[in-house]
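Start at 1 and go down the list; that is how both ligands and their atoms are numbered.
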Amino acid sequence: MKIIQLFGISAFASLAFLGSCKPKGTETAVSGDAAEKVYVAPGKYDEVYNFVSGGFNGQMNVYGLPSGRLLKVVPIFSVNPENGYGFSEETKPMLETSHGFIPWDDQHHLELSQTNGEQDGRWIFANANNTPRVARVNLKTFRTEEIIELPNSAGNHSSPFITENTEYVVAGTRFAVPTDDMNGDVPINSFKENFKGVISFIGVNKETGDMNLSFQIEAPGVNFDLSHAGKGKSHGWFFFSCYNSEQANTLLEVNASQNDKDFIMAVNWKKAEEYLKAGKGRKVKTQYAHNKFDEKTQTATSKMEQEVTVLSAKELKDICYFMPTPKSPHGCDVDPTGEYIVGSGKLAALIPVHSFSKMLKAIENKEFAGEYDGIPILKYESTLYGEVQKPGLGPLHTEFDGKGNAYTSFFVSSEVVKWDIKTLKVLDRQPTFYSVGHLMVVGGDTKKPYGKYLVAYNKITKDRFLPTGPELTQSAQLYDISGDKMKLLLDFPTFGEPHYAQAVPASLIKDQQVKFYNIADNKHPYATKGEAESKVVRQGNKVHVYMTSIRSHFAPDNIEGIKVGDEVYFHVTNLEQDWDVPHGFAIKGNQNAELLIMPGETSTLKWVPKKAGMYPMYCTDFCSALHQEMQGYVRVSPAGSNVPLTYSLNNKADNAKSPVKTAVTK
Ligand code: K7E
Ligand code: CUA
């Protein structure tokens, strides 16, 4: 999110002072023992996994903390040539949508699965902002296993936040849009009649993690921005910040900044469940893709779903309530006890803290200030616990340390501010370099934060790293929050544009890692479980190569008789049964990317040679001392040629032991 542009327009003079400013004290900000605290000696492990959203690179990046070392890039919503995600035949279906195959998205928020409000290390969920989707990544394999598209939505921003037992992953639409069963082909200025803000509840299977779109709630047409689930005493509720209660459809930086207060919408999802059971939902015809990667076949499938059940917040009076919240709230964060709901108004000069118990009372006593599009508005004073006064400028996001403290990021005044949740007193402030967006405390949005570290994900890099042309690297900063005062420890560069992040003690995840796939369990329809089974099969103009790879050769490695006009599928099975021995596969002229095949896995590269010639293929991953010998040839003849389709391995003129075999033709 490029908030800075919010403040760029001079017509909006009252806000001109809010442009980001460079904090003083860059040099003195780091204390003496910082180096010691982030030093992870060679051969030693980091203490924490940090999962960082990739923003406009569509991926998730995994760092070790406190070192800030990059461990892995996990492709989720964008194709990744490095390992063939979205390029191999097996993974292409993961990126199917109702708009067809989409190779990219904008990934903002991540949320780890929880049990009883604590991290359980099973899955991490990710949102796609542009073409609304939610993904689930398995933390045993660090692979994206499932992606579900969201109908009736656009700009899936307040997502993917989860309930305390991962009952639901929840997603609110940022753009209000006409629902899919309405004609979306309407004048844009019919916003007020036709546009709705829909919230999706995605159910998660406790054992398998499988997602399904359980129901949606149709709410007024506003921009839902961020959210968090209630926890503990507020379990059963969900909270969404929204802006544009003005319902502007143009020049939002001015027109959606008119109202003194927008809202946090409280959703009673247990109540919504009751209405769903009672059949109060409307079945809406729509189309959305549901894509799953099956570990047994190592293949993804994409299914087009046709219907979703929608509950109307307007008709079912008691599932949604609006809590007025100053100045276009962005972050919407719930403290570890579930009592305090913090709204961060991007343009506010204070931080309002709502009380869950006061909210319940206000609902009971009908302390309403009116209605907004049929939804009751609670009185500001009735739900307000208190306001943090003069905290800084441009609050965005808040996390918690489990010791009664909150940490809020301030974009405009470029700082992290620590304050006491009960007394609402500011305890400490530290500059960030520069203009922090999201921040994250390890476990900071769960019932039991781990605390210790805080990371600021900054929007502006300026002078922090060696310059690299017009675009500078993205920047994160690590703080020690174990003492009374926060201490800046480290700068580290990040990929894409990080927004939210999650982190978990490494001990929860590191010992559950899948080391390789058991070849005996490989149910891929084109698996080749031994070199002797390798073969080539022609079916019309389709040629299937059942190929194996093992240090350091392919079988077969000589193929002749491919013709121009053929579609060749290299199904490469990696026969290795050892940790971290992938083989790669690429062939001259392939118009996709390499394959990177894990031990015991089968992956498929589609190759359509355009002209006759000799085509070398090779392994791209340095797998042994003789990796450079891991290569072969494919001979391509003109269409209609009568060169027979043959294949071989180790067929030398003076060695008849490995004869050339003729392809099976079906
Ligand atoms: Cu960048 Cu959560 Cu999309 Cu705030 S959002 S920074
Ligand atoms: Cu296999 Cu290099």
Ligand 1 versus H108: contacting region, heavy-atom distance under 4.0 Å | side chain
Less than 6.0 Å separating the ring centroids of Y453 and Y479?
-> no
Would the Y569 and H544 ring centres measure less than 6.0 Å apart?
-> yes
H627: which N/O/S atom is nearest atom 2 (Cu) of ligand 2?
-> ND1
In D621, what N, O or S atom is nearest to atom 2 (Cu) of ligand 2, if we give its atom name?
-> O
Can you tell me if H583 has an N, O or S atom under 2.8 Å away from atom 2 (Cu) of ligand 2?
-> no
Ring centroid separation F161 to H228 under 6.0 Å = yes
Can you name the closest pair of heavy atoms from S257 and E253 and give their distance?
-> OG-O, 3.0 Å
Heavy-atom distance to atom 5 (S) of ligand 1: which of R174, H330, K459 wins?
-> H330
Within 4.0 Å of some non-hydrogen atom of L226, the atoms of ligand 1 are 2 (Cu)
Count the heavy atoms of every other residue, nucleotide or ligand shown that sit under 6.0 Å from CD of E629, and state whether that count exceeds 12.
-> yes
For atom 2 (Cu) of ligand 1, which candidate among H438, K346, H157, H499 provides the closest heavy atom?
-> H438
Answer yes or no on whether K418 is positioned over the face of Y407, meaning its NZ or CZ is under 6.0 Å from the six-membered ring centre and within 45° of the axis.
-> no
G437 neighbourhood, listing ligand 1 atoms whose heavy-atom distance to it stays under 4.0 Å = 6 (S)
At a 4.0 Å threshold, what atoms of ligand 1 neighbour a non-hydrogen atom of H109?
-> 2 (Cu), 3 (Cu), 5 (S)
Check whether NZ of the Lys or CZ of the Arg K346 lies under 6.0 Å from the centre of the six-membered ring of F411 and within 45 degrees of that ring's axis.
-> no
